[in-house]
Amino acid sequence: DRIGNFTMPNGGVKDTNKRWAYYKFSAGELPDEYFHPTVPVDKWLSAKSKEKGEAVLTYADDRGFENGSLAVLKPVSKDVELERIFGIALYMIGNVLPFVLPGMMVSAIFSTVMRTILTAFLAYVFVLYFITHAIFSPYFRNKYKPEGTKGTPPLVTNDMRSNQYLYTERNIQKYLSAQYVWPKSMHRPAMENENAIFSIIPHGVAPLGITAYPLWSKLWNDKLCRWTASPVVLKIPLVGLFMRKIGYIPAKTRNIHEALTKREENVGIILDGIAGMFQTHTNEETAYVKRRKGIVKIALRAGVPIVPVYAFGHTSAWTVVVDPFGILEKLSNQFGASLSPFFGRFGWFLGPPRRVPTTVCLGDPIVCPKVDEPTQEQIDEYHRKMLDGCRKVFDTHKAAYGWEDKKLLFV
């Protein structure tokens with residue numbers, strides 16, 4: 001058969017069947033009791049879903065997965081769905097609050113209308129916060145806690161790896177029916193002793209496919225994965241705090257280089273950044289990456305491989321309002337945070353994403369030699385290899401996502 005269910009040889013993580021070219025991990029189907037840092041990776045790879053007893057890890061030969069099989073939206077329980085609806089709405093408003101609140105408060109001093117709008121706005125934020133933190137937070141922390149745990153576990157601790165197992169990230173995997181696909185060259189034990197840079201496109205409004213944080217620190221090796229974000233985002237109250245607690249670092253050369261070399265950690269980046277959310281086209285996917293060469297220089301200096309990644313579904317979760325003059329795009333890029341309005345599920349302004357299947361596909365690692373001072377020619381060469389890798393990932397799996405007629409363009 002072209003596709004099969006995975007059976008672990010002797011309970012280990014190594015697949016000895018050389019026939020299989022691609023592996024697919026259905027993160028949303030992983031049993032809840034396995035979503036803990038103490039559970040070894042071999043249990044993840046040999047797990048079966050609670051509902052139908054299907055293998056969480058499946059595989060395909062070099063023809064890839066069947067058309068449409070990577071775009072299946074699974075049913076989700078109402079408690080998970082409601083938590084994500086309100087939780088993501090709060091997260092989204094939390095990202096823009098520091099930028100819009102000062103101006104609203106000043107305007108409210110001189111305008112009765114603005115005072116009314118400000119009052120309604122703050123009431124909306126309070127309701128979202130109360131529902132999320134007073135109701136859903138204790139409910140899910142108790143629901144997902146390991147057996148034998150007494151009391152309600154804390155939301156975050158001083159252990160960064162454990163913090164990546166937040167209930168919110170568990171729920172987003174279910175909400176989006178998140179799946180992760182990788183080639184034989186990434187399957188254990190291929191990358192067990194190597195840290196890597198995961199270079200992902202496209203950004204979309206929010207790159208929700210990356211938020212299965214434990215996977216990036218567990219599936220391909222045991223090295224903690226540190227995601228990058230704009231420094232201004234990491235300074236946002238509450239939002240920035242939680243991001244730092246789960247391992248985010250500023251998207252700066254020094255921070256990335258230290259994570260790769262001094263701590264030998266994985267690093268994840270969204271290659272097109274904020275600019276990527278404005279690349280909205282119907283018949284083609286567009287990635288703003290032609291000038292994004294800094295990460296290649298970092299990879300060469302550190303001597304670590306770059307793993308090209310394409311996240312199907314990122315550009316379909318929200319609708320972005322793009323002004324014809326590009327003013328909001330320029331301001332967003334300047335501030336390092338989105339200032340453009342967008343609409344999500346139910347037409348909700350700054351609301352939760354639509355329930356679209358999100359499938360994150362990894363490509364073959366681009367092996368980078370260690371070069372203390374890379375030349376521009378070397379940077380250009382490996383940047384070209386990285387983009388070729390992204391295109392190969394897209395073309396390999398687009399039909400399985402139902403996008404056989406779409407093309408990927410680099411700008």
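Any value given below was found using the heavy atoms of this structure, including those in side chains, with hydrogens, waters and symmetry copies removed.
The shortest distance between side-chain heavy atoms of Tyr180 and Thr359 does not fall below 4.5 Å. Contact check for Arg301 versus His257: side-chain heavy atoms found under the 4.5 Å cut-off. Arg84 has its side chain out of reach of Val76: every pair of non-hydrogen atoms, C-beta onward, lies at least 4.5 Å apart. Between Thr168 and Ile172, the closest side-chain pair of non-hydrogen atoms is not below 4.5 Å. Taking the side chain as every heavy atom from C-beta outward, Tyr213 and Tyr248 approach each other to under 4.5 Å. Looking at heavy atoms from C-beta onward, Trp182 lies out of side-chain contact with Val307 at the 4.5 angstrom threshold. Side chains of Leu238 and Tyr91 form no contact here, defined as non-hydrogen atoms less than 4.5 Å apart. Annotation: side chain of Met186 is in contact with side chain of Met191 (closest heavy-atom distance under 4.5 Å).
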Practice task
Evaluate side chain to side chain contact (heavy atoms under 4.5 Å, CB included) for Val267 paired with Thr228, printing each intermediate quantity in order.
Solution key: CA-CA 7 Å; Val267 170; Thr228 61; 3.9 Å; yes

Exercise for the section: Any chance you could lay out the side chain to side chain contact (heavy atoms under 4.5 Å, CB included) test for Met243 and Val233, step after step, and finish with the verdict? Expected result: CA-CA 9 Å; Met243 292 178 72; Val233 172; 3.7 Å; yes

Practice task
Could you give me the CA-CA distance, side-chain angles and deciding distance for Val360 and Ile210, then say whether side chain to side chain contact (heavy atoms under 4.5 Å, CB included) is met?
Solution key: CA-CA 8 Å; Val360 181; Ile210 73 170; over 6 Å; no

Exercise for the section: I would like to know whether Leu350 and Tyr124 meet side chain to side chain contact (heavy atoms under 4.5 Å, CB included); could you show each step before the answer? Expected result: CA-CA 12 Å; Leu350 303 184; Tyr124 169 70; 5.7 Å; no

Practice task
Decide salt bridge (charged side-chain N to carboxylate O under 4.0 Å, His left out) for Asp32 and Lys145; before the verdict, give the C-alpha distance in whole Å, the side-chain angles of both, and the deciding distance to 0.1 Å.
Solution key: CA-CA 9 Å; Asp32 291 335; Lys145 69 182 180 181; over 6 Å; no

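Panel note: side chain Arg354, backbone Ser316; a donor-acceptor pair is recorded below 3.5 Å. Of the possible donor and acceptor atoms, one in the side chain of Gln378 sits under 3.5 Å from a partner among the backbone N and O of Thr375. The main-chain N or O of Ser177 is never found under 3.5 Å from a side-chain atom of Arg355 such that the two would form a donor-acceptor pair. No side-chain donor-acceptor contact under 3.5 Å links Trp227 to the backbone of Ile269. Distance alone, capped at 3.5 Å, places no donor-acceptor pair between the Thr132 side chain and the Tyr129 backbone. Between the side chain of Gln164 and the main chain of Cys225, a donor-acceptor pair closer than 3.5 Å is present. His314 places a side-chain N or O within donor-acceptor distance of the main-chain N or O of Pro202, the cut-off being under 3.5 Å. The backbone N or O of Ala178 sits nowhere less than 3.5 Å from a side-chain atom of Thr358 that would complete a donor-acceptor pair. When atom types are taken as modelled, the side chain of Gln173 and the backbone of Glu169 share a donor-acceptor pair closer than 3.5 angstrom. Side-chain N or O atoms of Ser137 include none that pairs as donor or acceptor with a backbone N or O of Ala134 at under 3.5 Å.
Nearest approach of Leu73 to Tyr175, heavy atoms of both residues: CD1-O, 4.3 Å. The minimum heavy-atom distance between Ala27 and Leu215, with the atom names listed, is CB-CD2, 4.0 Å. Summarising the geometry of Pro153 relative to Asn142, their closest heavy-atom pair is CD-OD1, 4.3 Å, with the distance given to 0.1 Å. The shortest heavy-atom contact between Gly351 and Trp318 is O-NE1, 2.8 Å. Contact between Ile246 and Asn163 at its shortest, heavy atoms only, is CG2-O, 3.2 Å.
Counted by atom type alone, Asp159 and Thr157 present zero donor-acceptor pairs between their side chains at under 3.5 Å. Residues Tyr139 and Glu83 have side chains that never bring a donor and an acceptor to within less than 3.5 angstrom of each other. In the model, Arg115 has no side-chain atom that pairs as donor or acceptor with a side-chain atom of Ser111 under 3.5 Å.
Atom NZ of Lys174 has more than 12 heavy atoms from other residues, nucleotides or ligands within 6.0 Å. With a 6.0 Å radius and a threshold of 12 heavy atoms from other residues, nucleotides or ligands, Lys143 has its NZ atom above the threshold. Counting non-hydrogen atoms of other residues, nucleotides and ligands closer than 6.0 Å to CZ of Phe130 gives a total of 12 or fewer.
Thr149 pairs by the side chain to side chain donor-acceptor pair (under 3.5 Å) definition with nothing, not counting sequence neighbours. For Lys370, the side chain to side chain donor-acceptor pair (under 3.5 Å) partners are Asp372, not counting sequence neighbours.
Annotation: the span from Ile298 atom CD1 to Cys368 atom SG amounts to 11.5 Å, rounded to 0.5 Å. Between atom CZ of residue Arg384 and atom CD1 of residue Ile379 there is a gap of 12.5 Å, rounded to the nearest 0.5 Å. Expressed to the nearest 0.5 Å, how far CD1 of Ile135 lies from CD1 of Ile131 amounts to 6.0 Å.
The pair Lys407-Glu284 fails the salt-bridge criterion, with no side-chain N (NZ, NE, NH1 or NH2) lying under 4.0 Å from an Asp/Glu carboxylate O. Using a 4.0 Å cut-off between a side-chain N of Lys or Arg and a carboxylate O of Asp or Glu, Lys392 and Asp364 qualify as a salt bridge. Salt bridge annotation for Glu54-Lys48: absent, with no cationic side-chain nitrogen under 4.0 angstrom from a carboxylate oxygen. Checked for salt-bridge contact, Arg292 and Asp272 miss the test: no charged N lies under 4.0 Å from a carboxylate O. A salt bridge is absent between Glu33 and Lys43; no separation between the charged side-chain nitrogens and carboxylate oxygens falls under 4.0 Å. Salt bridge present: Arg345 and Glu81 bring a charged side-chain N and a carboxylate O closer than 4.0 Å.
Below 30°, between 30° and 60°, or above 60°: for Phe343 and Phe349 the angle between ring planes is between 30° and 60°, a tilted geometry. Between Trp20 and Tyr59, the two ring planes are tilted [angle within 30° to 60°]. Ring planes of Trp403 and Tyr401: perpendicular class, angle over 60° (limits at 30 and 60°).
Screening Asn195, Asn221, Asp222 for a side chain to side chain donor-acceptor pair (under 3.5 Å) with Asn266, the sole residue that qualifies is Asn221. The side chain to side chain contact (heavy atoms under 4.5 Å, CB included) with Cys361 is formed by just one residue from the set His397, Lys24, Lys398; it is His397. With respect to Trp220, the ring pair (Phe, Tyr, Trp, His ring centres under 6.0 Å) criterion is satisfied by exactly one of Phe25, Phe198, Tyr23: Phe198. Across Ile270, Val289, Val309, a single residue satisfies side chain to side chain contact (heavy atoms under 4.5 Å, CB included) together with Ile201, and that is Val289.
For the pair Arg170 and Phe35, the cation-pi criterion (under 6.0 Å, within 45° of the ring axis) is fulfilled.
Ring centroid separation for the pair Phe394 and Phe312 comes in under the 6.0 Å cut-off.
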